[in-house]
Every structure is written in C-alpha cells, then in structure tokens.
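These notes concern the structure reproduced below.
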Amino acid sequence: MIGWLFLTAVAGVLGWLAVSYGLGRPPRHGLSWAAGATGALWAVTAVVLAIRFTRGMGVMTHMTDVNPWGIWVGFLQAGVALSGGGFVMAATVHIFHIKRFEPILRPVVLLAFLGYVFVALTLFIEVGRPYNLWHPLAMWQHHSIMFEVAWCVTLYLTVLAVEFSPAVLERLGYGRAVEALHRAAIPIVILGVILSTLHQSSMGTMFLIVPQKIHPLWSSTLLPVFFLVSSVAVGLCVTVVASFYAARIFGKTLDRWLLADLARAASMVLFLYAALRLVDVSARNAWGRFTDPGWLGGVFLLEVGGGALLPAFLLSRRAVRDRPRWTVAACLPVLAGVVLNRLTVSWLAMVPYTGPGYFPHWMEVSVSFALLTGVAVVFGVAVRTLPVYPAADSPSATILPVRG
Amino acid sequence: MVRVPARGQEMTFEVSRRSLLKGMVGAVAAAGLPHSTRAEGPVVKSDVFSVLVDIPRCIGCRACMRGCQRANDLDAPQDLMDMEHLESRLEPTHNLWTVVNREGVETRRHVKRQCMHCLEPACVSVCPVAALHQTEAGPVLYRESRCIGCRYCMVACPFDVPRFEWNNGLTPVIGKCQFCASQRLFKGLPPGCVEACPTGALKFGRRDEMLFEAKARVHARPDVYVPHVFGEEEVGGTSWLYISDVPFEKLGFKKNLPKRPLPSLTWDVVSWIPGIVAVLGSLFGLLAFNLSRKTHSPSAPKDEA
Ligand code: SF4
Ligand code: SF4
C-alpha cells in the first residue's frame, strides 16, 4: 500500500510537470521537483532490484506458475512498439527520400535507441538467468520466435547505435568517421528497417502458439500484422509528441508543418489498423464473445475505439492538425491505446484462462517506471550535450514559438 | 539443495541414449527424416515411451509422487504426500513434478498430473536456446545450463506444466517431469512413478501398445469407460494417455485443445521470415537507390546516418 502511494506520488509530480510544460506554463523550480521525484524513485528501485537478484522474483512480483509473464513483458512489448518511430522515420528519410523530415530524424532515432535500451534492461531483469542472455546467439533454435526476437533486439540495438553515432562523433570532432557513416547510411537504414519489421511483427507472433489461452477478441492469426501496423501508427504519434515536448522543455525549435504531416500519416495508418481489427473480429465471428466477460469488451472498446478510431478521426481534421497542442492531445490516446493493447494481449486477454490471480506488485511497476524515467533523463542529457537537434540558425529550424 | 538432475548428466545421458537407440529405435535413426515442424529430431509416434493412466484404478495413495521424488532426488516436502494430506490440493512446483489430486467433489476420482510429453511439444518449439528438447525416444527433457529463464515454455505449454523456481534470485530453474529418462528409461527401467504404483493404474510401454491397451479396455467395458483416450489426438498426440469412467472435463482436463500440433502455428509464420527479408531487402534497396538518384542534387544537404 505504501509502495503504491509512493509510486502514485512520483507519477503525480511528473505528470503535473509534463502537463504544465505541455501547456507552456512551467512551474518555478520545475526541474528540481522532477529531480527530487526521480531520485526518490531510483533509490527505492535500487533496493527493489537488490531483492530481485538475491531473493528471487517470487518475493517482489506477483507472477506465479499460473501467470508466468507479468506486467514487465507487457511494458517490454509496449517499449518495442513505442520505439517504432525510429524505423518509420528512417525509412521516410533515407529510403523514400522525403528529406524534409530529416531535421527530426536524429531525436527520433535517439528515442528509438533509448526505447530499445529500456527493452533490453527490462529483459535483463525479467528473465531468470540474465547472464545467459547471450545463449540464443550461440545456441540456435530457429523454430523459436523468441530466438528471432533475441537476434532482432541485439542487431537492431547495434544498428540504432550506429545510426545515432554521427551525433556523438560530430561532437567529438571525428569528421572523417561521420563522412564514412554518411556513405553507408542507406544500407544501414535498410538493415534497420528490415530488423524492425521483423521484430515488431514477431512480438505478435509470440502469442500465436496459445490460441486457446487468449480471449477471441484478440486471438487472431493476424497478430503479427496488427503489431506491425500499430507500431507504425504509434511510431508516428510518438514522433509528434516527443518533438513537441523537446521543443517545450529544451527550448528547441520545430517546424509545426512537419507535425501536421506526421499527424495526417498517423491518421491514415490508424484508420487502416482499426479497420483491420474490426474486420478480423467479424471474420472470426468473435463478436458473440464481446461481453464475455464484459470488462474485456470494455478494454476492446477503449483500445480500438479510444486508442485508434477516435484519434484517427481527430487527426484527419484540419482544425486539429493546425494546432500543435491539439495534435499532441490527439496523439496521446494512441500511445495509451498501444500500451493497453500490448498489456491486453500479454495479460488481460488471458485472464479468462488463467483466472484473476495476477495483479502487478508495486515493485514490478517501480522497476519499469524507474527504467522509463532513466531513459527520459538520458534523452534530456543527450539533447543538451549533443547535436541532436539542428542548430537554431539552420533553415529547417523555425516557427514553433519557444517558451520555457 | 537438490537441483534438476539434468545438469552434469548430459554426457551420461548421451551415452545411454545411444546404446538405447541401438536396441530400441534403430528404425528412427535410419529413417530418412522429412522436413518437420518439430524443433528437434522427429519421433516416430508409435514407438515412443508411453504411460497409460487408468483413472478408475487409481486409489489416490500418492505412492507415485513419492516414487518420483525418490527417483529424481527432489526435495519437495515429503509430508505433503502423506495420506492425511489427500484432502488438501497440491499444485506441481519446480521441485514437485507430479501431483495426484481428488478432482471434483462428487466424482471422488483421483487424477495424476505431470508433463504429457507431447509428440510435438510446444515448449520445445518456443524455447530459444533448446534448453527443452525432445529425444528420439519421446521424452521431453530440460537442460538447466542452457536456460535463460524467459518462461516462454510455461506460457506456451497447453497443459501448463513447466514450473519456475520463483524464490531463487540468480539461478532459477524450470522444473517439469523428465520421464525419468536418463536415470531409468534409458537403462531399461520403468519410470519411478509407474514402479511405485500399487494398483496398476499406471502402465508403461511403447505408445502403440499403450494406445491399443487403452482402446481395448474402453472397448471391453463400454458401461464403465467414456469412449475417449485423452492424449491420443490432443495437440497432435501425447506420450501420456488417460482413460476414464467420468467425463474428462469434470476431472479438470483441458477442453477445446486443438488437434493440430501447436508448433505449426508459429512455424507457419517463422518459415516466411527468410522470404520476407529477401523481398523487403530488394524492395527497399531498389527504392532507396532510385529515389536517391532522382532527388539527389549537388546543393541538397548531405544525408546523415
Ligand atoms: S505437456 Fe507441456 S511441458 Fe510437457 S511436452 Fe507438452 S508442451 Fe512440453
Ligand atoms: S525458460 Fe528456459 S526452458 Fe523455458 S523457454 Fe525459456 S530458455 Fe527455454
């Protein structure tokens, strides 16, 4: 109980700051508030991790033999999806050569990289024997989708690091290396996009082996397609939200028409995604199970209606896209919807099968929360110290007013 | 602490398996192996080791549980298995690989549960490091030294068999019935549980013989048995077979299990991957190359990786 109160307090402080920065009215001492809350969270989580690695997962999670995967797997899945911006934008700029998006490519790639770091760290804590995590690379079992996932995470993390490295190298003044990377950009990006396509979809493939355990609203052979399409949509929305917040918090400039273009693309992908989901449920005649149990029907409504259809509609309106704040507000439910979708496929949709025995321990949540804030802090530090955003005097940096 | 015995026994196991192969399943080794959805060497379904469980013959004495603990050196609390505890329900754990429980109040039947040793095991197909693997003789075995503890096997198993050592911080293991393969079967002995059973409720043999026996018993007493051999077709067939005089659903057996082997569900997608990589690779390559020639002009800003 105390643990939950603590987490709620931390989340409250950070949420309040996020909203006030988003509205362009940062509170006095906002950053020290954030530092205090985050520091407390990290201190507590350090203790939690010590427990995890000495006394085992049994004491600090609510996972059991009946619910062997908890909320960590759901967050891990969500982390992969939210990192989708990296491959979408890299493909846009370097494969489809839509160069006007280039100014926001670096921050998005950085975000994707940090997202995958979040995933890798979660994995490190989540598996029972993390020091064996290299085994899939050496002991091949190519029939396992988890084997493919392990390879994709490793390779893609490397590709993202390479894609982002010019920012670091420029800062350190290694101009030659940057030149060489420029020439290799296209093959590297193609590799990264292929790895992402595979990895995003295989997060869904992981659940094909248990059709009888997942509620029929979600148990589809198209899961890999859904996971891929929704990651494209959410990748675009993350790009919008992150660009906006970076502009607000770090005082970077931003082209608002880029936001509008991203939002329009997101709207189209979201319409496609929602249509696929609805057609799929109809084709499998699963509507009859919509209210069995009723709360899962509610989750479906929230996730597909609130997380995809509604934002798709809003983002298709000019009035929304013309106002950055409204665009961001319409993109946020997409983020929430995809997180909810991943949590549902890996947890909630299995509750009718497993029984309601699992609800995360607050320590599980605090670990994920600490990793998330950690990643956010690293992003902030990188934006301040590295040439992540185009310099303010470059031609592409204009328009969005900088405040705070 | 007693651990899963697979560690350190892989060598002896390999040797005994080889000698066993000569005697028993030479045909398997010699057979031209067709492409299979199975992650490891395919088994000949009729030849694998098998146990037939005759539910009405079980008196619920839990002698098989004690036999299992002994045969596998497990350290689960012994007193849990005493007769007085029969009223209490037991769940398998990482060091309690088989349990016998009274299922259903009015039926008063007892059901032994353990790994079913599927002919096409989902757990083996999902394990990214082949820590779980299937031997040619049928038993599905676990190798602790490979395991990364991802627990995908637990999620994938249609019978919810594999168990995790939740209270171990650094070296947790997956625990499940090993069919006494390396200690007993490959030395020509029956599994510990079968040897311990005083009533003949468990019978050990080759799968075709056990299936025949099961059908013969059901056929001989249609007034007693329900006309179904559980494990004959479920998820593509299992090595352990059950017959019962009470409908299986009432005894907690899973219903709605697909007859199709589960690994094929994933394999249908996984086998596409090389093709997808090839198509995407060439498509993106062509696109990037052509568009870059079209859009490239000397004044355009340089690409950045
Ligand atoms: S019952 Fe479960 S653990 Fe046993 S072989 Fe089948 S899938 Fe694997
Ligand atoms: S927990 Fe171990 S045995 Fe189970 S799938 Fe993962 S690596 Fe394989």
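The shown structure was predicted, so the numbers you read here are calculated from the model rather than taken from an experiment. Throughout, protein chains are lettered first and strands after them, A, B, ... in sequence-line order, and every chain is numbered starting at 1. Computed over heavy atoms, backbone and side chain alike; hydrogens, waters and symmetry mates excluded.
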[X], part contacting chain B, at a heavy-atom distance under 4.5 Å:
X         : result
Val59(A)  : both
Gln212(A) : side chain
Met206(A) : both
Thr354(A) : neither
Arg55(A)  : backbone

Proximal component of [X], with respect to chain A [non-hydrogen, under 4.5 Å]:
X         : answer
Ile276(B) : side chain
Pro92(B)  : backbone
Val155(B) : both
Asn167(B) : both

With heavy-atom distances below 4.5 Å as the criterion, would you say the side chains of Thr171(B) and Tyr131(A) are in contact? yes

For the residue pair Glu144(B) and Arg129(A), establish whether any side-chain heavy-atom pair is separated by less than 4.5 Å. yes

Minimal non-hydrogen separation, [X] against [Y], with atom names:
X         : Y         : result
Trp166(B) : Asp65(A)  : NE1-OD1, 2.9 Å
Pro68(A)  : Arg151(B) : O-NE, 2.8 Å
Ala288(B) : Ile190(A) : CB-CD1, 4.3 Å
Ser125(B) : Ile209(A) : OG-CD1, 3.7 Å
Ser144(A) : Cys127(B) : CB-O, 3.6 Å
His135(A) : Val129(B) : CB-CG1, 3.5 Å

Partners passing ring pair (Phe, Tyr, Trp, His ring centres under 6.0 Å) against Trp72(A) (at least two apart in sequence or in another chain): none

Step by step, would you call Met57(A) with Phe164(B) a side chain to side chain contact (heavy atoms under 4.5 Å, CB included)? CA-CA 10 Å; Met57(A) 273 181 258; Phe164(B) 186 69; 4.0 Å; yes

What residue in Trp140(A), Phe147(A), Trp134(A) has the most heavy-atom pairs under 4.5 Å with chain B? Phe147(A)

Best-contacting candidate, Met60(A), Glu126(A), Arg52(A), against chain B by heavy atom pairs under 4.5 angstrom: Glu126(A)

Comparing Pro162(B), Gly281(B), Cys147(B) against chain A, the one with the most heavy-atom pairs below 4.5 Å turns out to be Cys147(B)

Rounded to the nearest 0.5 Å, what separation is found between the [atom1] atom of [X] and the [atom2] atom of [Y]?
X         : Y         : atom1 : atom2 : answer
Asp268(B) : Thr205(A) : CG    : OG1   : 11.0 Å
His142(A) : Ile273(B) : NE2   : CD1   : 10.5 Å
Leu286(B) : Ile95(A)  : CG    : CD1   : 11.5 Å

When you measure from the side chain of Lys213(A) to the backbone of Ala156(B), do you find a donor-acceptor pair of N or O atoms at a distance under 3.5 Å? no

For a side chain to side chain contact (heavy atoms under 4.5 Å, CB included) with Phe284(B), tell me which candidate from Ile194(A), Ile186(A), Leu191(A) qualifies. Ile194(A)

Side chain to side chain contact (heavy atoms under 4.5 Å, CB included) evaluation trace for Leu198(A) with Val277(B): CA-CA 8 Å; Leu198(A) 292 180; Val277(B) 171; 3.6 Å; yes

Could I get the full list of salt bridge (Lys or Arg N to Asp or Glu O under 4.0 Å) partners for Lys254(B), not counting sequence neighbours? Asp160(B)

Apply side chain to side chain contact (heavy atoms under 4.5 Å, CB included) to Val270(B) and His143(A), showing your working. CA-CA 7 Å; Val270(B) 175; His143(A) 285 256; over 6 Å; no

